[in-house]
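Please read the structure below before turning to the comments.
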Protein chains: 2
Amino acid sequence: MHKQEVTIYDVAREAKVSMATVSRVINGNSNVRKETRERVEAVINRLHYQPNAVAQGLASKKTTTVGLIVPELTNLYFAELSKGIDDIALLYKYNIIISSIENRLMKEDEVIQSLLNKQVDGVIYMSNRLPDKVANAFKQTNTPVVLAGTKDNRDEFASVTIDYQKADTEALNLMYNDGKKNLAIVVGDPDTVVNKDNRIPAYRKFLADHDIAEEHIYTKINNYSDGYNLYSQLEKDGVDGVIVTRDVTAVGILNSVMDAGKNIPKDLEIITASATQIASVVRPALTTIKQPLYDMGAVAMRMLTKLMNNEEVDGIHVQLPYELLKKQSTLNQ
Amino acid sequence: MHKQEVTIYDVAREAKVSMATVSRVINGNSNVRKETRERVEAVINRLHYQPNAVAQGLASKKTTTVGLIVPELTNLYFAELSKGIDDIALLYKYNIIISSIENRLMKEDEVIQSLLNKQVDGVIYMSNRLPDKVANAFKQTNTPVVLAGTKDNRDEFASVTIDYQKADTEALNLMYNDGKKNLAIVVGDPDTVVNKDNRIPAYRKFLADHDIAEEHIYTKINNYSDGYNLYSQLEKDGVDGVIVTRDVTAVGILNSVMDAGKNIPKDLEIITASATQIASVVRPALTTIKQPLYDMGAVAMRMLTKLMNNEEVDGIHVQLPYELLKKQSTLNQ
DNA sequence: GTGAAAGCGCTAACAG
DNA sequence: CTGTTAGCGCTTTCAC
């Protein structure tokens, strides 16, 4: 960034108007006579003038920039959400500052603070943990936040999700009706709100409703190899049907089963609870709880635009419909 | 963004120093007496003062923000590059404004212009097309640019790549030595610099060197279903070995082959030229030209930091080593 | 419909 | 080592 070549002042001088008028033209303010507007626009084009967004931000206290907090960049689940967010952001002319928080070099609240210092107008939060420090920083600076694809037990933050309990119950039912009675659930961090208050309770309720005593909850299973290595344990425990939160983990289990010479879905049914492209290109293809990720991102961003403009939003917690997509990893096709 | 609660002025008043001194403390300027520094820091902590990065940006003409241009958000190839970029950006305290250009709502040069208006200090460019308009805008604003995982035929922009010609030649050789003589290459856009000036010439040279007359170049094959649908044509053309630029396309071909009851690698060998996690989790696993994506991103970002600080860089075009990773889609394991 | 003027919050000479 | 003083480029009352 070097000395700006042409500023609003140059345009004003050349067009023989005041900076104020140029500013009005730039911002589409209707209080400008047609001829004046055209004269100014001609100069803008001739000089190739481009407004300095930083100066605009300082003067107007709006940066038309939103922050995106994502746990990991290389996870298609968040990438698909981000795509929905990005499209709507573009539509409303917002830029996106993205921050992943997987890197432990900086603590989460420092990352967020740096975003806040950049004066973002709003934040979309996809991490499954919202520490008090962070929540307070948002409230203190009055920055609107929308959670996308995740929840928080504070009810104060807007969120866009699906009905995780219902979805999981439906998935468990599917396998149960296929004759699988020794069902399990495989999650990463068991303490996230989605897992702790939704998935795991749904699983336990299902067991209770069907008078099944023995529960199989596998936690801290985060990636492909965790999944791959888990299968021997599943086999030992006699599990014959499993819900796996992350699809790449499910693929790990899938490959492990096949390498062991077993059959999917006969020996083990698998349903993944967050399906990306990976779930559909592996063979056998995975039965999935299909979340409308793109739409969830789009709705979240749209809601954020309203929040940033202090517009009315009807309902701060929206749940979008999901689909239980039967593929080859369950019997009942 | 609302009226900022505490500014540098408040800190100055409370600490009984001038704004300049507070500024020095914030920026780690050594010209401050220890006691003064500590007094100021105490006030900063007590008041929870956070500098306004927008104001800093306007005054200093540096935003500590870089722009990231990516063709699509939901492509793991770019996601893995981005991760390398992000880690180094964090290390040097830069924020990242990400812009995908897949959405045709706005033209590419408008997207870039909006980035430039935000006064980014530099740009990492991953799109495989760099229009003149964009190139000129970069030069005019003096914004340094580094291309990551792609090339441009202007030599003026720094780039981080692998040796595509060498890699492809090696891949073709591998298949040739497996007895495959009817080799093909599958690309998306044939007019990108990487394809037009590197991959395709390498392929043609290989054919010439081995006295093979018939060439099979399939273009505009961009995604999974394009790949899936291509196989019937490959079969018709008697192709027995193929390099596919994008791995998800390769998986499309792979599944199509298997659905046709044919065998991989016996009936067809496949090597993908840009491998992400997808290439390794499908079965049979794909033999790949393994690009060091994370490192490429990291090196590109590191180079950009130097360019932004007008530091010396030795060599503006860096090529990183790749690896030909033999898996199950080729015979010669 | 247009202009003058006062900032937005901070940095960076320049003095001292 | 510290303070004074101009800006950075733009928006936004408030007059006229």
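Every chain is numbered from 1, with letters handed out A, B, ... down the list of sequences.
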> Rounded to whole angstrom units, what separation is found between the CG atom of B/Asn31 and the C1' atom of C/dA13?
Replying inline: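 It is 13 Å, rounded to the nearest whole Å.
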> Could you state the OH-P distance from A/Tyr9 to C/dA5, rounded to the nearest angstrom?
Replying inline: 12 Å
>> Just so I know, are the side chains of A/Ser99 and A/Leu115 near enough to count as touching, which here means a heavy-atom distance under 4.5 Å?
In response: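 Yes, close enough: below the 4.5 Å cut-off.
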> Is A/Thr64 close to A/Gln56 at the side-chain level, that is, under 4.5 Å between some pair of heavy atoms?
Replying inline: no
Check the interface with nucleotides 3-5 of chain D: list each N/O to N/O pair with the protein under 3.5 Å, or write none.
| from | atom 1 | to | atom 2 | distance (Å) |
| --- | --- | --- | --- | --- |
| D/dG3 | OP2 | B/Ser18 | N | 2.9 |
| D/dG3 | OP2 | B/Ser18 | OG | 3.3 |
| D/dG3 | OP2 | B/Thr21 | OG1 | 2.8 |
| D/dG3 | O6 | B/Arg24 | NH2 | 2.5 |

> With A/Tyr92, which residues qualify under side chain to side chain donor-acceptor pair (under 3.5 Å), at least two apart?
Replying inline: A/Arg302
>> Please enumerate all residues that pass side chain to side chain donor-acceptor pair (under 3.5 Å) together with A/Tyr94, with sequence neighbours excluded.
In response: none
> If we ignore angles and hydrogens, is there a donor and acceptor under 3.5 Å between the side chains of A/Thr65 and B/Lys118?
Replying inline: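 Present: a donor and an acceptor within the cut-off.
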Atom pairs and distances, donor-acceptor, side-chain atoms in residues 144-152 of chain A, under 3.5 Å, two or more places apart:
| from | atom 1 | to | atom 2 | distance (Å) |
| --- | --- | --- | --- | --- |
| A/Asp152 | OD1 | A/Arg154 | NH2 | 3.4 |
| A/Asp152 | OD2 | A/Arg154 | N | 3.0 |
| A/Asp152 | OD2 | A/Arg154 | NE | 2.9 |

> Think B/Ser23 has a side-chain N or O under 4.0 angstrom from the OP1 or OP2 of C/dT11?
Replying inline: yes
> Considering residues at least two apart in sequence or located in another chain, which fulfil the salt bridge (charged side-chain N to carboxylate O under 4.0 Å, His left out) criterion with A/Asp314?
Replying inline: none
>> Using C1' atoms of five pairs at each end, report the bend of the helix from C/dG1-D/dC16 to C/dG16-D/dC1 rounded to 10 degrees.
In response: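 About 30° separates the two local helix axes.
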